[in-house]
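Labels below follow one simple rule: chain letters A, B, ... track the order of the sequence lines, proteins then strands, and each chain is numbered from 1.
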Amino acid sequence: MAKAINKGKVEAVKSHLSSPWASFVAILIAVLWTIPTFGLFVTSLRPQTGINSSGWWTVLTKPEFTLENYSRVLFEGRGATPPLSQYFVNTFAIVIPSTIIPITIAIFAAYAIAWFDFKGRNFIFFGIFALQVIPLQMSLIPLLQLFSGGLHIGSVTVIPSFGITGTFIPIWLAHTMFGLPLAIFLLHNFIAQLPRELMEAARVDGADYFKLFRQIVLPLSIPAIASFAIFQFLWVWNDLLVALTFGGGKRDIAPLMVRLAEMTGTRGGDWELLTAGAFVSILVPVAVFFALQRYFVRGLLAGSVKG
Amino acid sequence: MLELAARQSQLEQAASKLTGLVITVIVFAIVVSLAFYLAERTSERVQRLVKYLLFLAPALIFLFIGLIAPAIRTLYLSFRDARGDNFVGLENYVWAFTQPEILQILRNTGIWMLVAPIASTALGLTIAVLTDRMKRPGLVKSLIFMPMAISFVGAGIIWKFVYQFQPNDRVAEIGLLSQIAEWLGFVPTNWILTAPLNTFLLIVVFVWIQTGFAMVILSAAIKAIPEEILEASMLDGASGWKRFGRVTVPMIRGTIIVVLSTITIGALKVFDIIRTMTGGNFKTSVIANEMYNQSFRALNYGTGSALAIILFLGVIPLVAYNVMHLRRERSER
């Protein structure tokens with residue numbers, strides 16, 4: 001009853017606060033925010049001659065559209081350069097393992113740090129959180145040397161090179177390593193909050209740590225896993241630096257972003273190809289984002305504000 | 001005919017890559033399941049040890065090989081010459097702080113660190129406050145948040161097109177910025193080539209992406225302000241502006257600082273936007289871009305490592321603050 005009255009009051013306050021002006025300004029900003037992307041999309045659908053002779057906003061008066069830019073950029077290669085569809089496949093081949101592997105390793109570690117009793121637990125937790133400080137750039141040269149040449153102390157080979165240069169493996173491993181600190185941090189925050197009674201009851205029932213993980217921790221952590229998966233997916237899909245460094249510029253493993261960045265340099269004036277290519281690269285992450293926005297926001301909030 | 005053959009080989013390549021992908025995922029799943037299967041069947045005493053081996057060790061090994069050891073080695077390489085063969089003392093650092101081009105780069109990075117976080121946070125806060133008063137803020141927030149899903153490379157292309165300039169007077173402008181300048185009676189210039197304006201134009205792209213982030217976080221913080229406090233201030237007759245300055249901002253101060261420091265870290269490490277839009281030319285380069293050039297273009301591991309260390313030193317105070325913030329929160333719980 002008291003709550004209902006309170007709620008009524010709150011609504012009154014809210015409606016008093018809401019002003020048409022605030023809404024108007026907010027909508028205006030949202031439109032402004034969308035115009036650049038919209039311009040790219042419209043341009044990608046215009047014929048080449050139109051793009052280069054008039055602004056995209058003129059389609060309002062003289063509409064003229066084609067899908068030719070997409071078919072050209074996706075399926076027509078140029079000499080030794082494969083068409084964008086091949087880079088699209090590469091992006092998939094990079095993104096999926098680079099998301100699955102770190103999540104698996106991170107959820108194991110998060111569980112261990114949250115529920116195993118051992119000395120140095122706190123130290124490890126804060127240590128991993130602090131590792132987020134290390135910028136990617138600090139790791140690039142040594143990791144690249146390790147992947148290409150292995151590790152030798154004097155003449156003794158500690159880690160052989162495995163000959164993985166030029167394959168997807170260095171890119172997967174690099175993304176796994178760089179994604180772990182945030183993954184462990186986010187998943188730990190979630191797993192540590194599972195009810196203690198539940199965990200202890202299961203222990204009394206004779207479940208060991210492995211069973212406990214499989215039967216209780218894993219199923220209950222699905223929402224947290226989903227939010228981190230979206231993060232990692234978007235981060236890897238949109239990454240340029242890691243792919244550029246560990247892909248070594250090889251075309252048969254380079255993802256979309258590497259190709260697009262290259263295209264803006266070498267074919268900077270071919271707007272019909274650039275806009276269509278960019279839109280193709282944007283489509284998947286934006287679709288994922290809209291479909292799973294709720295999980296994404298939840299992960300974002302868990303990462304930076306008190307939960 | 002030739003085209004058909006080319007398509008055929010493209011399809012084959014794609015198919016073989018996707019098969020490789022599926023096999024990788026299956027192998028990984030089998031390895032993990034097998035490890036579990038075996039571990040569960042050991043005696044309880046062995047399990048006490050095995051559980052650390054299975055759950056904790058992989059992460060620690062990856063973190064050590066991928067981050068800790070490389071960071072130490074980068075520090076070591078920063079005191080050595082281009083190929084890492086000889087000790088050169090502080091030479092690489094002296095180089096970084098005396099070369100005019102590098103000083104320009106450090107200055108640009110400073111501008112990024114100062115302007116980008118403040119602009120993104122201020123805009124994000126404004127939008128968060130405005131949408132907090134809306135009845136249905138969903139679509140507006142989604143549209144402003146959407147650039148977060150777009151890559152810096154994609155955003156770079158989107159905005160490069162906005163900044164496109166037509167040098168030939170007889171041809172119509174196709175870049176929106178140039179056209180707007182013309183409509184307003186200005187003469188458009190080649191924006192991307194004009195320093196120092198171009199650095200700010202690149203910052204706009206970053207702000208365009210980060211504002212959504214700031215908005216989402218701050219919006220959640222504003223929602224978490226207890227209603228009684230807002231009501232009390234309303235009964236006191238505080239106007240919208242006063243309430244914003246005296247209640248809202250102080251209540252979410254901690255969150256604002258976290259957002260500022262997170263975006264500052266991002267601005268410090270910005271690479272893709274520079275790479276896509278200017279390639280670091282026209283006096284727009286920043287530390288992360290020059291680090292890449294020194295290391296992987298000029299193949300100078302000494303100077304490259306020194307720049308990475310300078311980047312690291314810039315990030316430390318920011319993350320130290322975040323860690324302290326986290327610790328305080330934990331002890332409050």
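By the 30° and 60° cut-offs, the orientation of the rings of A:Phe116 relative to B:Tyr52 is perpendicular.
Proximity to chain B (any heavy atom under 4.5 Å) is shown, for A:Pro82, by neither the backbone nor the side chain. Using a 4.5 Å cut-off between heavy atoms, A:Phe118 touches chain B through backbone and side chain atoms alike. Contacts of A:Ile124 with chain B are made by side-chain atoms alone, with heavy-atom separations under 4.5 Å and no backbone atom involved. For A:Ile35, the part sitting under 4.5 Å from any heavy atom of chain B is the side chain, from C-beta outward, and nothing else. For a residue to count as touching a neighbouring chain, one of its non-hydrogen atoms must lie under 4.5 Å from one of that chain's; by this rule A:Trp57 touches chain B with the side chain only. With a 4.5 angstrom heavy-atom cutoff, A:Ile107 does not touch chain B via any of its atoms. Using a 4.5 Å cut-off between heavy atoms, A:Ser139 touches chain B through backbone and side chain atoms alike. Of the atoms belonging to B:Leu60, it is side-chain heavy atoms, and not backbone ones, that fall under 4.5 Å from chain A. Only the side chain of A:Ile282 comes within less than 4.5 Å of a heavy atom in chain B; its backbone stays farther off. Looking at A:Ile94, neither its backbone nor its side chain comes within 4.5 Å of chain B, counting heavy atoms on both sides.
Two rings, from B:Phe55 and A:Tyr209, have their centers 6.0 Å or more apart.
Here A:Ser54 is the residue among A:Gly249, A:Gly77, A:Gly127, A:Ser54 with the most heavy-atom pairs under 4.5 Å with chain B. Chain B forms the most heavy-atom pairs under 4.5 Å with one residue out of A:Thr275, A:Ile184, A:Thr245, A:Leu234, and that residue is A:Thr245. Between chain B and the residues A:Phe279, A:Phe178, A:Trp172, the largest count of heavy-atom pairs under 4.5 Å involves A:Trp172.
Contact detail for A:Ala30 and B:Ile144: the closest heavy-atom pair is CA-CG1, 3.9 Å.
When the shell of 6.0 Å around CH2 of A:Trp115 is examined, it contains more than 12 heavy atoms from other residues, nucleotides or ligands.
In terms of the side chain to side chain contact (heavy atoms under 4.5 Å, CB included) criterion, residue partners of B:Val50 (sequence neighbours excluded) are, by chain and number, A:Phe210, B:Ala39, B:Val46.
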